[in-house]
Amino acid sequence: MAGLTTRFAPSPTGPLHLGHAYSALTAWDLTQAGGGRFLLRIEDIDQARCHPVHEQAIHDDLRWLGLLWPTPVMRQSDRLPAYRAALDRLAQMGLTYACTCTRADIRAALSAPQEGAPFIGPDGPVYPGTCRHARHMAQGAAIRLNMDAALDTLATLPAFTETGPLHTGHHPLDAETLRASVGDIVLARRDIGTSYHLSVVLDDAAQGVSLVSRGEDLFEATAIHVLLQAVLDLPTPTYHHHRLVRDDAGKRLAKRDDARALARYRADGLSPADIRALLGL
Ligand code: GLU
Ligand code: ZN
């Protein structure tokens with residue numbers, strides 16, 4: 001596809017493993033047919049879990065794989081003013097509220113007998129709405145999206161196009177599903193002032209990403225991203241969710257699976273072509 005822009009957006013919380021290689025190479029390959037752009041973005045909002053050593057290793061591993069990307073590379077830790085501006089705008093629109101609940105408060109509220117079984121959606125247990133009308137100070141609190149108010153701002157609900165093999169097609173958002181399975185999600189954690197969902201939506205738009213290529217584990221979160229794009233008047237990219245690389249026991253690879261770290265394969269003398277072959281690419 002000519003003119004498309006895709007990205008690989010790892011968090012520097014550990015060594016890249018085969019699953020990351022599959023993700024990066026898939027995004028790269030999608031740009032190669034028609035001279036598209038491949039971007040790297042460092043998702044380091046959670047500074048407590050990120051480390052410069054892992055960030056440097058991301059650059060080294062991807063270059064070893066043969067990938068090229070423009071510099072400077074966007075780092076989410078440099079983008080806090082942009083996240084703050086979007087949160088201010090959503091607050092002015094009346095679509096957010098401050099929440100002081102702890103995890104334990106939420107667990108207790110969700111286990112109240114009248115609540116029934118808590119619904120676990122793509123963002124975890126659906127928040128019971130305790131603080132929705134509490135008028136807490138935003139200082140030191142988490143900021144939540146008021147899902148009902150957000151849906152009310154949209155005359156028609158948006159849709160997205162998926163080109164990945166697992167869910168190919170047109171996916172209109174559904175208000176009832178968003179209310180029941182997503183609800184009032186956190187847009188800004190109290191400790192980091194933003195969230196994965198808000199940052200990824202703002203960054204994909206700021207970087208002109210037209211095809212979001214990423215793992216199947218994030219397919220369910222896409223409705224959240226498309227909703228935020230609509231509320232913030234941002235374009236909706238096309239999405240491509242790929243399969244996850246699993247270990248021999250069928251378990252998805254995690255950062256702690258150092259045995260599958262790319263650096264290990266490299267040290268063992270494998271070539272980038274061997275990695276592609278291992279991954280079936
Ligand atoms: N930073 C996310 C991760 O490492 C990827 C986010 C995305 O591709 O949307 O899982
Ligand atoms: Zn609360």
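Each ligand, and each atom within it, is numbered from 1 in the order the structure gives.
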Salt-bridge criterion met for Asp61 and Arg266 (N-O under 4.0 Å): yes
Mind checking whether the Zn ion (ligand 2) has an N, O or S of Tyr127 under 2.8 Å? yes
Looking only at distances, please establish whether an N/O atom of ligand 1 is found under 3.5 Å from an N/O atom of Ser213. no
Does His20 have a heavy atom less than 4.0 Å from any atom of ligand 1? no
Lys NZ or Arg CZ of Arg144 over Tyr127 ring: under 6.0 Å, within 45°: yes
Looking only at N/O atoms, are Ala9 and ligand 1 under 3.5 Å apart anywhere? yes
Selection from Val212, Leu218, Asp203 by shortest heavy-atom distance to atom 10 (O) of ligand 1: Leu218
Phe8 near ligand 1, heavy-atom distance under 4.0 Å? no
cation_pi(Arg243, Tyr22) dist<6.0 Å, angle<=45: yes
With no hydrogens and no angle check, do the side chains of His242 and Thr26 hold a donor and an acceptor under 3.5 Å apart? no
N/O/S of Cys131 less than 2.8 Å from the Zn ion (ligand 2)? yes
Cation-aromatic face contact Arg63/Trp69, 6.0 Å, 45 degrees: yes
